[in-house]
Amino acid sequence: MATVAFIGLGNMGGPMAANLVKAGHAVRGYDRVDTSMARLTERGAQATTSISDAVADADVVITMLPAGAHVREAYLGEDGAFHAARDGTLFADCSTIDVATARALHGEGASRGFRMLDAPVSGGVGGAEAGTLTFMAGGTKEAFEAAQPLFAAMGKTAVHAGGPGNGQAAKICNNMILGVSMIAVSEAFALGEKLGLDHQTLFDIASKSSGQCWSLTSYCPVPGPVPASPANRDYAAGFTAAMMLKDLRLAQDASRAAAANTPLGAEAAALYGLFDSHGHGNLDFSAIIKFLRGAHNNI
Ligand code: NAD
């Protein structure tokens, strides 16, 4: 069993760290917010007072932070993890951040003798609680193999996506598919309504036809056909529209940097940006259907 420093104990990091404790690892947690720290110590982890305190005696360092700037500061800042960690420490950044920052941190880490993974996750807060996350990891095969027991404690699937930054690349490509497909499914239901097509009927047909996709069959944006989808709970999030917007913008940044053509990804980012700027960022991302029906202010 390993000694794991866990930095960032929010909605995702808190339950992920708790699952490491359950699996028998010694977890030393750190978050800027006291309430997150308190919740974690109740679940059996040890509280620390700073990133360097958490990291000093750790075999493994896991970070789960909001965005690239937080991750850069947590690794390279004055109290940053790279200054305090022992030689050979294994780092896994599970945050969703930009590919460029992830690759820069791999370079910095390797030059200091650390093993590095960018390892963002899919599965949301429910998956973090249940220990059923999917990890997509970029880095060396050796670092990926070394992290397997930790991924197994927090998730049910871990895929080696390739070299440095490829975990983040996989994450933003996947979420670009998700954002675009949710808009497509929502447009189809909004059109079906205007044409007098019953929701369940459209679902029954499209879910057995070539329109079939996860946004339809697992996360249908209208109430009824998929009882577990947020549409049945007035679009209380699951995965917020603000989070979707963050990931779509990361995809667009990467797309520009790589001179790729992603016009539907760009359109999805623009639509979720409008939705967010109307004050709906905290709703589930499937609530975009209301926006597409034209109900901009009455959501
Ligand atoms: P969150 O805001 O709930 O948690 C982030 C935590 O990081 C906060 O508790 C904050 O206090 C802490 N933090 C920030 N800077 C810090 C620092 N320098 N030192 C210590 N702690 C610091 O966010 P979350 O929902 O847990 O998401 C975390 C990451 O996971 C994000 O990158 C997000 O995109 C990704 N993600 C989230 C979901 C989801 O459904 N919430 C799903 C997949 C991926």
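Order of appearance sets the numbers: ligands from 1, and atoms from 1 within every ligand.
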Quiz prompt | Leu65, Asp79, Asn11, Ile97: member with heavy atom nearest to atom 29 (C) of ligand 1 | solution =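 Looking at heavy atoms only, Leu65 sits closest to atom 29 (C) of ligand 1.
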Practice problem: Please work out which of Val71, Val121, Asp31, Val33 has its closest non-hydrogen atom nearest to atom 8 (C) of ligand 1. | Solution: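 Ranked by closest heavy atom to atom 8 (C) of ligand 1, first place is Asp31.
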Quiz item: Apart from Val33 itself, what residues make up its hydrophobic cluster, given side-chain heavy atom links below 4.5 Å?
Solution: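 So far as hydrophobic clustering goes, Val33 is joined with none.
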Self-check item: Linked hydrophobic residues, Leu250 as query - side chain contacts closer than 4.5 Å
Solution: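 Via sub-4.5 Å side-chain contacts, Leu250 links to Val99, Ile172.
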Which protein non-hydrogen atom lies closest to [atom], naming both residue and atom, and how far is it?
atom: atom 44 (C) of ligand 1; value: Thr96 OG1, 3.7 Å
atom: atom 37 (C) of ligand 1; value: Met12 CG, 3.6 Å
atom: atom 25 (O) of ligand 1; value: Met243 CE, 3.5 Å
atom: atom 4 (O) of ligand 1; value: Gly10 CA, 3.3 Å
atom: atom 19 (N) of ligand 1; value: Tyr30 CE2, 3.7 Å
atom: atom 33 (C) of ligand 1; value: Lys246 NZ, 3.7 Å
atom: atom 17 (C) of ligand 1; value: Arg32 NE, 3.6 Å
atom: atom 30 (O) of ligand 1; value: Met64 CE, 3.1 Å

Which of the ligand 1 atoms, numbered from 1, are nearer than 4.0 Å to a heavy atom of [X]:
X: Lys171; result: 43 (C)
X: Gly124; result: 40 (O), 42 (C)
X: Ser95; result: 32 (O)

Self-check item: Sub-6.0 Å ring centroid separation between Phe82 and Phe114
Solution: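 Close enough - the centres of the two rings lie under 6.0 Å apart.
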Quiz item: When you measure from the side chain of Asp53 to the backbone N and O of Thr48, does any donor-acceptor pair fall under 3.5 Å?
Solution: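 No, because the side chain of Asp53 does not come within donor-acceptor range (under 3.5 Å) of the backbone of Thr48.
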Quiz prompt | Side-chain (Asn175) to main-chain (Leu178) donor-acceptor, under 3.5 angstrom | solution =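 Absent.
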Can you tell me which portion of [X] lies within the under-4.0 Å heavy-atom range of ligand 1? Options are side chain, backbone, both, or neither.
X: Met16; result: neither
X: Ile7; result: side chain
X: Pro66; result: both

Self-check item: Option among Ile62, Asp93, Thr63 that satisfies the side chain to side chain contact (heavy atoms under 4.5 Å, CB included) test with Ile7
Solution: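 Single side chain to side chain contact (heavy atoms under 4.5 Å, CB included) partner of Ile7 among Ile62, Asp93, Thr63: Thr63.
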Exercise. Just say parallel, tilted or perpendicular for the rings of His280 and His278, cut-offs at 30° and 60°.
Key: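 Parallel, since the angle between the ring planes stays under 30°.
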Quiz prompt | Within-cutoff protein neighbour (heavy atom, under 4.0 Å) for atom 40 (O) of ligand 1 | solution =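 Protein heavy atoms within 4.0 Å of atom 40 (O) of ligand 1 - there is at least one.
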Residue [X] excluded, over 12 heavy atoms near [atom1] under 6.0 Å:
X: Gln212; atom1: CD; result: yes
X: Asp198; atom1: CG; result: yes
X: Glu145; atom1: CD; result: yes

Quiz item: Only one of Phe239, Tyr235, Phe285 forms a ring-ring contact (aromatic ring centres under 6.0 Å, His included) with Tyr219, so which one is it?
Solution: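 Running ring-ring contact (aromatic ring centres under 6.0 Å, His included) over Phe239, Tyr235, Phe285 with Tyr219 returns exactly one hit, Phe285.
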